[in-house]
Number of protein chains: 2
Amino acid sequence: MEILELESFLPYRLYRLADTVSREFSRIYKERHGLTRPEWRTLSGLGERGTMTATELGEQSAMHKTKVSRAVAELERRRWLTRTPDENDRRVERLALTRAGLAAYREMVPLAKAFERELLGRLSVDERVAIARGVAALEGALEGK
Amino acid sequence: MEILELESFLPYRLYRLADTVSREFSRIYKERHGLTRPEWRTLSGLGERGTMTATELGEQSAMHKTKVSRAVAELERRRWLTRTPDENDRRVERLALTRAGLAAYREMVPLAKAFERELLGRLSVDERVAIARGVAALEGALEGK
DNA sequence: TTTCAATGGTTACAAATGAAACCAGTTTGG
DNA sequence: CCAAACTGGTTTCATTTGTAACCATTGAAA
C-alpha cells in the first residue's frame, strides 16, 4: 500500500523548520519588547526602508493587510511610529518610525544578525551554500504563485 | 547605520517559503475534505504508522498536544478514527484509522506526492540536491533545540 | 502503604488570525 | 460630469491557536 513519509515530505519539513526557527527567533523580540511577529516585521520594514505605506509594508513583508493594520495601530499606540496623510492621495498614509521606534529598531538589528549568524554558524560552508541556493530556487519556483 | 535586509534574512525567508508552500498544499486537503492542517497531519501520521497514541502523534508531526487533541476529536466525530484504551496504562489511548479514514488517506497520498513532485519538478537537479541538503543540515543544527 | 511528582490527555480562556463587509477617497468609461 | 468599479485601510465576526489550569492515572520514594 502506498504510504507517505511525513518525515521526508518537503512541505512538512519546510514548515516545521520555519516554525522552529521562527519560534526561536521570536523569543528575542518577544522577550525584549513584547512584540508580535507582525509588529516586529513592521518595525523591521520601516527601519529598513525609512517610510512606507501600509500596503507597501504588506507586500514587503508578506503580511495580510489586517495584520499590517493591527501591527501599525499597536506601534502607533507605543509611539514608535507616526502616520502622515499623503498629499496626493488622501486614502494613503505614509508611515515612519519615531525616535523611540528607531531606537528599538537599532537595538534589534544586531540581535537579529547575531541570531542568524549563530544559526548558520552551526553549518559547514557547503551546507550554507546549499541552503541559500535551495531556498532561492524554491522562491523562484513559487514566483507569482 | 546598521540595517537588516528582511528580504535576505533567513528566518523570514524560511517562514515565507514554508507559508506559501503550506498554503498551496493545504488547498488540496481543505478543498477535498475540509480538513485543517492538524487534522491532515493526524490522518497522515496514522495512515503511515497504523496506530499511535496522541503523544506519539504530537512528536511525529510536531504538533502541540492541544492541536492533537482537537484534531483527534474531530476525526473521531467523522468516524475516521477510533480510540482503544490501552490495556496496561489507562491514561493512554491507541488511535487507529477506520475503514473510512483509511480510504480518505489512500486518496490523499497520491495527491500529496504529486504536489511535491510538481513543486520539485520546477527545480533543476542541482537545486533539488541543494534544498534537500540545506534543509537536512538546518534540521540537524536545530536538533534538540 | 501513603504521598508526591510526573504523564496522557482535555478544557477554559485569552490572544492571534483570516474572510468578508465596510468606509473613505480615486479613477475610469460613457 | 457622474455613476460604477477600484483601492487603501479598518472593523467585525468566526475560527484557530497557545497557555495554563485541570482531571485521571501511574511511578517513585519514604
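Naming convention: chains lettered A, B, ... in sequence-line order (proteins, then strands); numbering from 1 in each chain.
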Side chain to side chain, Leu138(B) and Ile131(A), heavy atoms closer than 4.5 Å: yes
Given side chains that start at C-beta, do those of Ser22(B) and Arg37(B) come closer than 4.5 Å, heavy atoms only? yes
Bending between helix ends of the helix from dT1(C)-dA30(D) to dG30(C)-dC1(D) [5 pairs per end, 10° resolution]: 10°
Kindly give the atom pairs (protein nitrogen or oxygen, nucleotide nitrogen or oxygen) under 3.5 Å for nucleotides 5-9 of chain D.
residue : atom : partner  : partner atom : Å
dT7(D)  : O4'  : Arg91(A) : NH1          : 3.4
dT7(D)  : O2   : Arg91(A) : NH1          : 2.7
dG9(D)  : OP1  : Glu93(A) : N            : 3.2
dG9(D)  : OP2  : Ala54(A) : N            : 3.4
dG9(D)  : OP2  : Thr55(A) : N            : 2.6
dG9(D)  : OP2  : Thr55(A) : OG1          : 2.5
dG9(D)  : N7   : Lys65(A) : NZ           : 2.9
dG9(D)  : O6   : Lys65(A) : NZ           : 3.0

Using side-chain heavy atoms (C-beta onward) and a distance below 4.5 Å, is His33(B) in contact with Glu107(B)? yes
Sequence neighbours excluded, the answer for ring-ring contact (aromatic ring centres under 6.0 Å, His included) partners of Tyr29(B) is Phe25(B), Trp40(B)
With sequence neighbours left out, write down each residue that passes salt bridge (charged side-chain N to carboxylate O under 4.0 Å, His left out) with Arg128(B), or none if nothing qualifies. none
Over all heavy atoms of both residues, which pair between Met108(A) and Ile28(A) is shortest? Give the atoms and the distance, please. CE-CG2, 3.6 Å
Using nucleotides 15-18 of chain D, report all nitrogen or oxygen pairs with the protein that are shorter than 3.5 Å.
residue : atom : partner  : partner atom : Å
dG18(D) : OP1  : Arg23(A) : NH2          : 3.1
dG18(D) : OP2  : Lys67(B) : NZ           : 3.4
dG18(D) : N7   : Arg70(B) : NH2          : 3.1
dG18(D) : O6   : Arg70(B) : NH1          : 3.4
dG18(D) : O6   : Arg70(B) : NH2          : 3.1

Flag side-chain contact, heavy atom, 4.5 Å: Leu142(B) against Arg122(A): yes
With heavy-atom distances below 4.5 Å as the criterion, would you say the side chains of Arg16(B) and Glu7(B) are in contact? yes
Answer yes or no: is there a side-chain heavy-atom contact under 4.5 Å between Tyr105(B) and Val109(B)? yes
Any ring pair (Phe, Tyr, Trp, His ring centres under 6.0 Å) pairs touching residues 55-74 of chain B, not counting sequence neighbours? none
Contacts of Arg133(B) that satisfy salt bridge (charged side-chain N to carboxylate O under 4.0 Å, His left out) - sequence neighbours left out: none
If you take any heavy atom closer than 4.0 Å to DNA chain D, which residues from residues 71-79 of chain B end up in contact? none
Restricting to side-chain contact (heavy atoms from CB on, under 4.5 Å), what partner residues turn up for Ala132(B), sequence neighbours left out? none
Outermost contacting nts on DNA chain C, any atom under 4.0 Å from chain B heavy atoms, listed 5' then 3', are dA6(C) to dG18(C)
Quick one, Leu4(A) and Tyr12(A) - any side-chain contact, counting heavy atoms below 4.5 Å? no
Under the side chain to side chain donor-acceptor pair (under 3.5 Å) definition, can you give me all pairs with a residue in residues 52-62 of chain B, not counting sequence neighbours? Glu48(B)-Gln60(B)
Who are the side-chain contact (heavy atoms from CB on, under 4.5 Å) partners of Val72(A), not counting sequence neighbours? Thr42(A), Leu57(A), Val68(A), Leu81(A), Arg83(A), Leu95(A)
